[in-house]
Each structure stands twice: as structure tokens, then as C-alpha cells.
Protein chains: 2
Amino acid sequence: MESFRAAVPFGNGPDDTADRLCAVGRYRALERGCGLPGNPSEDRLVYIATGSAKLVARSAASSCTNATNNHVLAFHFAGDIVSVLRQSDADFRLIALSDLELVIFPSNQFLDVAQDDPVVLRSVLTRSLQALHRSRTKMMQLGHKSARQRIADFLVSMAYRIGGSTRGKCEFALPMSRRDIGDSLGLKIETVSRQFTELREAGLVETEGRSIVRLTNINKLAEEAGTALPPEKPPQN
Amino acid sequence: MESFRAAVPFGNGPDDTADRLCAVGRYRALERGCGLPGNPSEDRLVYIATGSAKLVARSAASSCTNATNNHVLAFHFAGDIVSVLRQSDADFRLIALSDLELVIFPSNQFLDVAQDDPVVLRSVLTRSLQALHRSRTKMMQLGHKSARQRIADFLVSMAYRIGGSTRGKCEFALPMSRRDIGDSLGLKIETVSRQFTELREAGLVETEGRSIVRLTNINKLAEEAGTALPPEKPPQN
DNA sequence: CGATCAATTGACTTAGCTCAAAGCATGTGG
DNA sequence: CCACATGCTTTGAGCTAAGTCAATTGATCG
């Protein structure tokens, strides 16, 4: 329980909000490939303590399978707080990309506790506004960017989130499959693969095995993504 | 100042948070077509008192023009609270689709005030989590849906948000142009037009002039969209 | 070392984009 | 109040990027 206590993301509340948060949080560990079953009767805030996960929609499969998921909404890594709202039509669920430790807070209970601690509440609000912002940025991508631009942007953002590097060279292991990447960017697996090939031929990316990726020129890649330098012609769409 | 006071969305704080919120909020009226210039030095929460607006990214034009905007991230209507974060690369801005009244709160100041009022803070958090959810739902759309499905879904959600109806028949005036619709769904204006034509030929939609739309069978339309009907919370943005 | 499943590559199809030309609303001036 | 002008909308005719189908290669693990 000690480590669980340590995992709770807010430890500095005035009258020790953290202890009370512990009381409403449920610790879970998931093996790679396993899903956290959605609970249609409660909204949740999920804190990711270790590992990486994908947030998917409309997973038709049972709770512990790697089966094809049609829609990857976001990838999440250690330290993230993910909001998983109950949903009437689609069901949203977290699936572990690597072995995963997380703490599940029923949204209402969490907020009831946090209500007495403005600092915590504000922190969660700030995080969720950031998540909203990321989501909008991604939306912009999905709506208006080419396959090449999407993949380039994806790699740049992974360099930042996994590789910890924002320019120059960078090497890291992608925890997600080509299919996951495609599902998150709105591309087919074959298209993802072809884009990797082209970027490899262009000398911007090197790969090793299924997951190791080396970016040789992040700046150039960001340029490809159309994020840094806007092309003179409005890109598309 | 009376009407301004009335416009502030949270009027029931314990020690009258509303008055203090008034102090940090700035009232603005915008004519149709005018944009609210982004402020790169502050994040903002904008409350829409009356009218409708689009949230766009990378508007290259000056503050009061209808010029082509490449990316419409969301449409907003009276009562909505929109978070407009300052942004290094792209700039986000609100543009009035009809005459618009709004209240601008610098994010930090708003939160400083709201920090003493958990009810307000929680309300804002809840709204932003919902906005995040809508954004994700839309992302799913953009990534994986056909033009037909996007337009159908758009019409269904507008029926809910403008027409106030969620099934059966419905008539309303769209405040946004075909171009805006396309920009928000990631489609070209010609594609939007063609889809309207096809839906008209299929007997699902009737149009009158540029903006009046009559949906003759919302359920059927929702079926076309490949989404469940919006039961209570509109899948929209 | 072979079984298995992910990734790649190739050939072909197609939805949606582009370019181009009318067709209509809506608003203005005579 | 009607005619005209402007700009939104619709329609048409190719074109292209990405999807589909299918086969091969390659990685990973028992």
C-alpha cells in the first residue's frame, strides 16, 4: 500500500488530500495487451503510474485481447491523467501497450474529495485543458494533413514524449504497433508502412526490428510535418 | 453593467464569486464575420452570451474579415464556455458567425478567483472534460468517417444544438457557410455541396436558400452517420 | 528451428480533391 | 420595385492520394 500511496499524483494537499484520494482510488496492474474494462455507470479519471497505454473507442473485443481496434484516440504514458467518460454509444477504454500500473478514480468521488483542495482541482483542470488542446491540435491534423505529414508529426511528438528530445537526433522504442499508429492517425496499416519506407529512403528515419526508431533529423522531420514551416500553398484539404 | 453582470455564467457562488468574476471578465460584442484577436500572452476562457461562433486555427487574415480560414476546430453557441489557449505555432481565434456577445476571462485570473469557490471550479472542470470528450468524438469522426457520414453526423448534431430536436423532423437555419462546414469536417466545399445534393436526392434533407435546412428523418440520418443518436449529451462541438 | 503474426511490397480501385464553368441568393442602386 | 452585381453554391470532368486485396518477407518466441 505504500507504493500505492506514492503513486497518487497529488501529495501536497493542505490537510493531506492525498490520503483521502487514496481512499477513493483503486490500484490496478495490467499486462501488456490487456484492456481496462469500461464502466458504463461512472466517469473515471485514471492516473498512469508506469507503462504506456492507448485510449481506444468501440473496442469490440473482450477485456484482455489484442484484437483489432478501430479507433485509437490517444496514447498515454507514465504521469498522464486520462479522463475516461462513460459513453452511451461508443465505449472508450484503456489498453496496455506495455505492462501498466494505474490508479482509477471515479470522477465524482475524486472531485468530491478534491473540492476541498483548490490546488488539486486546479491542477486537474489545467491538465484537462491541455489535453483538450492536444486533442484539438490532433483534430486539425486528422482533418487537414496528408499521410506523410501525419506520420512525420507523430514521430516528432513521440521523440518528445518518449525520446525526450525535441531536435537533432533521437532513438527510442515505439510501444505501439503499426496498426495502432494507423488507427490513431486515421491511416491504414499499409499506408503507415509505405510512409515509413519513404522516410527511410529520404534518410530521415532508421528502423531496427519492429519497434526501434532512430530519427536522424528531427527538425527536418518537423518541417515535413508542416507544423514548423507552413507551406506557401495552404496545404490541403 | 447590469446586463454584463447577468451574462456571467456563474451567479450562485457562496460569497458572490460572480461579482469578483465580473471584475476580471471583459465584455465584448463582435459583428458577424469579425474575429476576436488572439492574445499570445494569456490563455483565455471565453463565455458566449449570445450568438454563434467558430473556433479557427491559423487564420491568416486580419481581425475583421471573412477570408478563407483553413481550420475550423469547433462551432460554439450561446451558453458555451470556450477555452482559447495561447499557442506558439498556430494561433487560435474565435470568429463571429452571427452578431456575438461574449465575456473574456484571462484563464489565470479566472482560476485565481474560482479557486475560492469549488463549485465554480468544478463546473468549469466538468465542462472542459465534456469539451474534451466532444473533441475526441469529433477526432474519431475525422479520422475514420466518410464524407457522407461526416455530413450526416454534422446535421444531426446541429439539429440537436440549433433545432433542439433529436429525432423525427426538424428545421433550422445554419449560421455557418458551406466552406465553414467543410473546414470543420476536413472536407472541400465542393464535397460538402455534393453530399447535400445526394442527401437531398435521398429525401433526407430539404434546403431553402443558403441556410435553411429541413431534416425529414433524423433517425435515418443518424443511421447514415454510423453513430447512435445523441440521447442527452450531444456528440458535438 | 519452425510456427506465427507483424510488416512490407505490389497491383489495382476509388473517394475525395482540383480545376473550371455555370447557377442562384442576397443585397444594392437606379 | 426591378435589374444588376457579387459571391456563395452547385455541377461537371479528370486526377491523385490513400484504400483494398493479395502475396511475400521478416521478426519474435516457444
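Below, each value reflects all heavy atoms present in this structure, side chains not excepted, and no hydrogens, waters or symmetry copies. Order of the sequence lines sets the chain letters (A, B, ...), proteins ahead of strands, with each chain counted from 1.
DNA chain D is contacted by both Ala147(A) and Arg178(B); Arg178(B) maps to the nucleotide lying nearer its 5′ end (nearest heavy atom per residue).
Distance from the side chain of Ser193(B) is smallest for dT11(D) among the nucleotides dT11(D), dT9(C), dG16(C). When the nucleotides dT11(D), dA27(D), dG19(D) are ranked by their closest atom to the side chain of Arg210(A), dA27(D) comes out on top. Residue Glu190(A) has its side chain nearest to dA22(D) when only dT10(D), dA18(D), dA22(D) are considered. Looking at the side chain of Ile189(A), the nearest of the listed nucleotides dA7(C), dC17(C), dT9(D) is dA7(C). Distances from the side chain of Arg194(B) to the nucleotides dT10(D), dG26(D), dC17(C) place dC17(C) closest. If you check dT10(D), dT8(C), dT18(C) against the side chain of Arg200(B), the one that comes closest is dT10(D).
What separates CG of Leu185(A) from P of dA17(D) is a distance of 19 Å, to the nearest Å. Atom CG in Asp183(B) sits roughly 12 Å away from atom P in dT9(D) (whole-Å rounding). One can place CG of Leu174(A) at 13 Å from C1' of dA7(C), the figure rounded to the nearest angstrom. Distance Leu187(A) CG to dG16(C) P: 15 Å, rounded to the nearest Å. Atom P of nucleotide dT9(D) and atom CG of Asp180(B) are separated by 9 Å, given to the nearest angstrom. Rounding to whole angstrom units, CD of residue Glu198(A) and P of dA18(D) are separated by 9 Å. Rounded to a whole Å, the NZ atom of Lys188(B) is 15 Å from the P atom of dT9(D). Atom-to-atom, CD of Glu208(A) to C1' of dG26(D) comes out at 14 Å; the value is rounded to the nearest Å.
In this structure, the side chain of Thr216(A) engages the main chain of Gly203(A) through a donor-acceptor pair within 3.5 Å. Side chain of Asp80(A) to backbone of Phe77(A): a donor-acceptor contact under 3.5 angstrom is found.
At a threshold of 4.0 angstrom between heavy atoms, the contacts of Gly186(A) are confined to the sugar-phosphate backbone, with no base atom among them.
Here Leu199(B) contributes atom CG and Lys220(B) contributes atom NZ; the two are 10.0 Å apart, rounded to the nearest 0.5 Å. Of the inter-residue distances, the one linking Tyr47(A) atom OH with Glu101(A) atom CD reads 10.5 Å to the nearest 0.5 angstrom. Atoms CG and CZ, from Leu94(A) and Arg28(A) in turn, are 11.0 Å apart once rounded to the nearest 0.5 Å. Interatomic distance, CG of Leu155(B) versus CD1 of Ile162(B), reported as 10.0 Å (0.5 Å rounding). The distance from the CD1 atom of Ile95(B) to the NE2 atom of His76(B) is 13.0 Å, given to the nearest 0.5 Å.
Closest of all the heavy-atom pairs between Ile81(B) and Arg127(B) is CG1-NH1, 3.5 Å.
Note on Thr197(A): a side-chain N or O is less than 4.0 Å away from OP1 or OP2 of dT9(C). An OP1 or OP2 oxygen of dA18(D) is reached within less than 4.0 angstrom by no side-chain nitrogen or oxygen of Thr191(A).
One end of the helix from dC1(C)-dG30(D) to dG30(C)-dC1(D) points its axis 40° away from the other end's axis, with each axis taken from 5 pairs and the angle rounded to 10°.
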